[in-house]
Trainee: 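If you scroll down you'll find the structure; I have some questions about it.
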2 protein chains.
Amino acid sequence: MADRLSPSMEMYLKTILSLEKDGQPARVQAIASALDVKKPSVSGALHSLKQKGLVVQQSYGAVHLTEEGRTVAKQVTARFEILKRFLSEVLGVDATNTSREACELEHVLCSETVQRLHLFLDFLEHCNLDVNAIMEHFQEYLQQRLAGGHCPNCELKSGECGTKPADRA
Amino acid sequence: MADRLSPSMEMYLKTILSLEKDGQPARVQAIASALDVKKPSVSGALHSLKQKGLVVQQSYGAVHLTEEGRTVAKQVTARFEILKRFLSEVLGVDATNTSREACELEHVLCSETVQRLHLFLDFLEHCNLDVNAIMEHFQEYLQQRLAGGHCPNCELKSGECGTKPADRA
DNA sequence: CCCTCGTGTTAGGAAAGGCTAACTTTTATA
DNA sequence: TATAAAAGTTAGCCTTTCCTAACACGAGGG
């Protein structure tokens, strides 16, 4: 398999797939709006994706994924969905942030790691009834700790990974 | 607080802190080797970090972190350690990959998410004895699934997030 | 004291990915 | 059908981060 695409190129593919799924033709303008970039950036990116054989586009027309492009787009999208689930279901990250953050992670994590995350979610969901109780317990613990409580057994110092105490009040 | 530094700049700071911790003076050459870049790249980066007030360096001499630079470097390092622990202790990611992957994540995840991950590890470690059993159960499940077993309740299709069946044999 | 060699810096350039401005093509409407 | 608006493209530029080549400093050996 060729080297991984850049985050930027993966985003273009993911966006094209997503527009297609919504039944919209993937026009330059629509891609630009979805990614919050300008049209010339899209044109440039498409030029590069065409060279790689991942999309086709008749001049001045809509963009279509090739089979290979579709495969990559689906992979990226699948990663995104798994990461979003993990962030929200396990870590309880705020809905405002899950998409943005999953979107950065999807370009960075290797398949193996995403798969393990997927299996972790799968495990929590299907394979052990006790797990739900544990996860609820974790969510409670999380709320307490985020509210300022302190675990007596733990040397976690607030601020050490970038969150100041004031941020968590 | 100012905007987040670029991944690259965070890496320079983290590396300088790490060299200092090893008792070595943070010279341009040492930083270059540690990051696998050439000396002029380091000079350029240091120029930018000096302008931001994050490092000081007498000309042709060793580099030192300012108080602010040290704070950032420590935050990045702390994120790295937490992510590495999560990847290895929870997901069982291979030791060869944990550092590389944690190193990419550390620049991408927001403080809130890293903190939640930290609390998750903390929870697993200190706050519920049953959790260990669950996690061991997960590790077993992981091994089975990675060896080709299939969860009857789960529609996980191999390959959908980029791992081909052949990769997992 | 000078010279050499390792280390640091500067100059100049490439690639990626974004931008604006200006041009071309298509579409839609009067 | 003529033409204006919308959509796409091209040209040219900026920033970041890396590179190579060439130059400058500075500590140790003759």
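Naming: A, B, ... by sequence-line order, numbering from 1 per chain. What you see is a predicted model, and the numbers here were worked out from it, not measured in a lab.
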Trainee: Nearest whole Å is fine: how far is D:dT15 C1' from B:Q51 CD?
Mentor: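 Spelled out: CD on B:Q51 to C1' on D:dT15 is 14 Å.
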Trainee: Angle between ring planes, B:F86 versus A:F86, binned at 30° and 60°: parallel, tilted or perpendicular?
Mentor: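 B:F86 vs A:F86 ring planes: tilted.
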Trainee: When you look at B:E101 and B:K84, which way does the salt bridge (Lys or Arg N to Asp or Glu O under 4.0 Å) test go after all the steps?
Mentor: CA-CA 8 Å; B:E101 203 139 38; B:K84 214 167 52 172; over 6 Å; no
Trainee: Grab the CD1-P distance between A:I16 and D:dG8 for me, whole Å please.
Mentor: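 It works out to 12 Å between those atoms.
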Trainee: In whole Å, I'd like the distance from the CD atom of B:Q29 to the C1' atom of C:dT9.
Mentor: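 Going from B:Q29 (CD) to C:dT9 (C1'), I get 13 Å.
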Trainee: Please verify the inter-ring angle class for A:F123 with B:H137; under 30° counts as parallel, over 60° as perpendicular, anything in between as tilted.
Mentor: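 The arrangement is perpendicular - the two ring planes meet at more than 60°.
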Trainee: Over how many whole Å does the gap from B:L5 atom CG to D:dT15 atom P extend?
Mentor: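 Rounded to the whole Å, the gap is 18 Å.
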Trainee: Do the side chain of B:T77 and the main chain of B:A73 share a donor and acceptor less than 3.5 angstrom apart?
Mentor: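 Here the side-chain-to-backbone pair exists.
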Trainee: Just the rounded figure in Å: distance from C1' of C:dT7 to CD of B:Q58.
Mentor: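 Going from B:Q58 (CD) to C:dT7 (C1'), I get 14 Å.
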Trainee: Look for any protein N or O under 3.5 Å of an N or O in nucleotides 25-29 of chain C and output each such pair with its distance, or none.
Mentor:
none

Trainee: CD1 of A:I31 versus P of C:dG18: gap in Å, rounded?
Mentor: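 That distance rounds to 13 Å.
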Trainee: Looking only at side chains, do A:K14 and A:S18 share a donor and an acceptor under 3.5 Å apart?
Mentor: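 No donor-acceptor contact under 3.5 Å links the two side chains.
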Trainee: Check the pair A:F80, A:S99 against side-chain contact (heavy atoms from CB on, under 4.5 Å), reporting the backbone distance first and the verdict last.
Mentor: CA-CA 8 Å; A:F80 174 72; A:S99 287; 4.0 Å; yes
Trainee: Which whole-number value in Å describes the distance from B:K52 NZ to D:dT15 P?
Mentor: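 Atom-to-atom, B:K52 to D:dT15, this comes out as 13 Å.
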Trainee: So, applying side chain to side chain contact (heavy atoms under 4.5 Å, CB included) with B:R70, which one of B:L13, B:V55, B:I16, B:L17 is it?
Mentor: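 Filter result, single survivor: B:L17.
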Trainee: Look at A:E10 together with A:R4 and state whether they make a salt bridge at an N to O cut-off of under 4.0 Å.
Mentor: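 Looking at A:E10 and A:R4, the cut-off is met.
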Trainee: Please name all residues satisfying salt bridge (charged side-chain N to carboxylate O under 4.0 Å, His left out) with B:E89, sequence neighbours left out, ordered by chain then number.
Mentor: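 Residues passing salt bridge (charged side-chain N to carboxylate O under 4.0 Å, His left out) with B:E89: B:R85.
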Trainee: Between the protein and nucleotides 17-21 of chain D, which nitrogen or oxygen pairs are less than 3.5 angstrom apart?
Mentor:
from: D:dT17; atom 1: OP1; to: B:S6; atom 2: OG; distance (Å): 2.6
from: D:dC18; atom 1: OP2; to: B:S8; atom 2: OG; distance (Å): 3.2
from: D:dC18; atom 1: OP2; to: B:Y12; atom 2: OH; distance (Å): 3.1
from: D:dC19; atom 1: OP2; to: B:K38; atom 2: N; distance (Å): 2.9
from: D:dC19; atom 1: OP2; to: B:S41; atom 2: OG; distance (Å): 2.6

Trainee: Please check the phosphate of D:dT9 (OP1 and OP2 only) for any side-chain N or O of A:Q57 closer than 4.0 Å.
Mentor: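 Result: yes.
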Trainee: Measure NE2/B:H107 against C1'/D:dT16 and give the value in whole Å, please.
Mentor: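 Atom-to-atom, B:H107 to D:dT16, this comes out as 15 Å.
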